[in-house]
Amino acid sequence: MLDIRLIREKPDFVRERLATRGGGDEVKIDEVLRVDAEWRKAETELQQLQSERNRLSKEIGGKKSRDQATEDLEASVRKIGGQIVDLNARTNLLDGEERDLLLEIPNLPHQSVPIGKDPSANRVVRSWGKKPQLTKPADHVALGAKLKLFDLERAAKLSGSDFICFTGAGAKLERALINFMVDLHTREHGYTEISPPFLVRRDCMIGTSQLPKFEPDMYGLDQNQLFLAPTAEVQLTNLHHDEILRVTDLPRKFVAYTPCFRREAGAAGRETRGIIRVHQFDKVELVKITTPETSYEELESLTIDAERVLQLLALHYRVVELCTGDLGFGSAKTFDLEVWSPGQDAYLEVSSCSNFEDFQTRRMQLRFKDRDGKNRFCHTLNGSGLALPRLFAALIENYQQPDGSVRVPEKLQPYFGAETINHE
RNA sequence: GGAGGGGUGGCAGAGCGGUUGAUUGCGCCGGUCUUGAAAACCGGAAGGCCGAAAGGCCUCGUGAGUUCGAAUCUCACCCCCUCCGCCA
């Protein structure tokens, strides 16, 4: 949520920054300002009446204690009371309207973000490793079938299309990757491991800005008013919502492995083959809660923490800085990690590392007391570290051998318990 | 599913119709003392909104009600906890 004061003071600046996203959201600013002006007018009027009531009530109290008549005063207060009720209803209505509008406006891109309409304007900031030399590489679907690593047909029996059922060595590889990543981030990168619930309340989903705008993409349990979390970002970022943290407690760094649930309503055919885009997938997520002063350094280090997974697995990847038009709703700046997929002959997004600045914390009232004793909104960041199905796919494609087996990366062998994955 | 208890400032915990936006303890910040720290002592600070400012307003889970006046009384809702039952 944007700061209403910023919108009041620099509406042109806000409009201009929003326009760089290309979503047309800048037109909402006029509406917000109109409602805000109306609300403030009503609020001021309301406060004057309340002030008057307080003054008269105090006077009544004084007179009563001296046994003096108060009928006239009481009548006046009653009259003011009626006006207050009406005006209060109005300010509440306007206030709610204003908040609803603000909740649907995306974050402002950071000044450093390249301007652009679509992914073609994204900027590759670095790449690591190189593509493996493979002649006619099989893609993960073929490899998975041959080695019986997952079974999409059987998954469909259970849950419908676009679900994965890992099997045998595939299930074990998935589990090995999870443990490998969580251990790495806890032992070497200083994150605290969390194992959160997978169902979350509506207000948490609003806090991290999946709602209200993206409700059609979410799985919800109407009966219980709960949602299946689409990413552990929701749980980890909301851990401290409605709190005032001490500055000495920051930054907080969390890592969690969780399944993630996405309806992806209307997702098109592109990039959906095999296990690349599914309704449920596992992910190891990194979240940081920081002060505003350090959040951009923390974004750099968070990205590097995620990259480290790919480096240790010796997988070629590149880091892409998203342009304004490709930025997620709440993000001010994002680096995507894209791993090389020989089978797709393309790069696959396996992580999205973003700084949300105070966009989420303003929604969820997450603050810290700074060294001057002033309460300020924290900054929040998150990134996958990493998303599993795509990492899985890239891994087996990159490590496939001429004989049809898959070699297990050295660092993963202690977790997997073998050096290769062979035919049964 | 059944029965009960409770939601107050960073935390714990008083207050139960009128200078109580709130006693106190812990924690926190500043100071004195100390080589430094601890202890002790003194002092400071709830959150938010409107306003250029002066100042004003709101908030004791949320909303409505009673009242001249509500943290305090009534009702509804939300949330948390305990016990019993069922269950992994």
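Proteins come first, then strands; the chains are lettered A, B, ... in the order of their sequence lines, and each starts at number 1.
Rounded to an integer number of Å, the gap from A:E45 CD to B:rC49 P is 21 Å. Atoms CG (A:D242) and C1' (B:rG61) sit 11 Å apart, rounded to a whole Å. What separates CD of A:Q225 from P of B:rU62 is a distance of 20 Å, to the nearest Å. Regarding A:R90, its CZ atom lies at a distance of 19 Å from the P atom of B:rC58, rounded to whole Å. Between A:I244 atom CD1 and B:rG10 atom P the separation is 5 Å, expressed in whole Å. Straight-line distance from the CZ atom of A:R99 to the P atom of B:rG48: 15 Å, rounded to whole Å. Following rounding to the nearest Å, A:I84 (CD1) and B:rA64 (C1') show an atom-to-atom distance of 16 Å. Put simply, CD on A:E43 is 11 Å from P on B:rU59, counting in whole angstrom units.
Using Watson-Crick or G-U wobble geometry with both donor-acceptor distances under 3.5 Å, B:rG1 finds its partner in B:rC84. Base pairing annotation: B:rC57 forms a Watson-Crick or G-U wobble pair with B:rG48, both donor-acceptor distances under 3.5 Å. B:rG65 is paired with B:rC73 under the Watson-Crick or G-U wobble criterion, all donor-acceptor distances under 3.5 Å. Applying the Watson-Crick and G-U wobble criteria (two distances, each under 3.5 Å), B:rG43 pairs with B:rC29.
Closest-nucleotide positions on RNA chain B for A:R201 and A:K369 were compared, and the one nearer the 5' end corresponds to A:K369. Nearest-nucleotide assignment on RNA chain B puts the 5′-proximal partner with A:I4, out of A:Q47 and A:I4.
Atom name C1', nucleotides B:rA76 and B:rG10: the rounded distance is 32 Å, in whole Å. Remark: the separation of the P atoms in B:rU8 and B:rA12 is 8 Å, to the nearest Å. B:rG63 and B:rC79: their P atoms are spaced 16 Å apart (whole Å). To the nearest whole angstrom, the two P atoms, one in B:rU23 and one in B:rG44, are 13 Å apart. With P as the reference atom, B:rC68 and B:rC29 are 49 Å apart, rounded to whole Å. When the P atom is compared between B:rA64 and B:rA70, the two are found 13 Å apart, to the nearest whole Å. As rounded to the nearest Å, B:rG36 and B:rA46 have C1' atoms that lie 34 Å from one another. Remark: the separation of the C1' atoms in B:rU19 and B:rG69 is 14 Å, to the nearest Å.
Taking side-chain N and O atoms only, A:K374 has no distance below 4.0 Å to OP1 or OP2 of B:rA45. Proximity of A:R40 to the phosphate of B:rG51: a side-chain N or O atom is located under 4.0 Å from OP1 or OP2.
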Going through the distances and angles, do A:R308 and A:D305 end up as a salt bridge (charged side-chain N to carboxylate O under 4.0 Å, His left out)? CA-CA 5 Å; A:R308 187 116 170 87; A:D305 292 338; over 6 Å; no

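Neither side chain, A:E193 nor A:Y257, offers a donor N or O lying under 3.5 Å from an acceptor on the other. Under the 3.5 Å distance criterion, with hydrogens and angles disregarded, a donor-acceptor pair is assigned to the side chains of A:N355 and A:S295. When only modelled atom types and interatomic distance are considered, A:E43 and A:Q47 share a side-chain donor-acceptor pair under 3.5 Å. No side-chain donor from either of A:T290 and A:E298 sits under 3.5 Å from a side-chain acceptor of the other. Side-chain N/O atoms of A:E233 and A:Q360 include a donor and acceptor closer than 3.5 Å.
In this structure, A:R367 reaches the sugar-phosphate backbone alone: every heavy-atom distance under 4.0 Å involves primed, P, OP1 or OP2 atoms, never a base. At the heavy-atom level, A:R371 lies nowhere under 4.0 Å from the strands shown. Counting any heavy atom pair closer than 4.0 Å across all strands shown, A:R8 reaches sugar-phosphate atoms only and no base atom.
Under 4.0 Å is where a charged nitrogen must lie from a carboxylate oxygen, and between A:E31 and A:R34 at least one such pair does.
The side chain of A:R246 approaches B:rG27 more closely than any other nucleotide in the set B:rC49, B:rG27, B:rC57.
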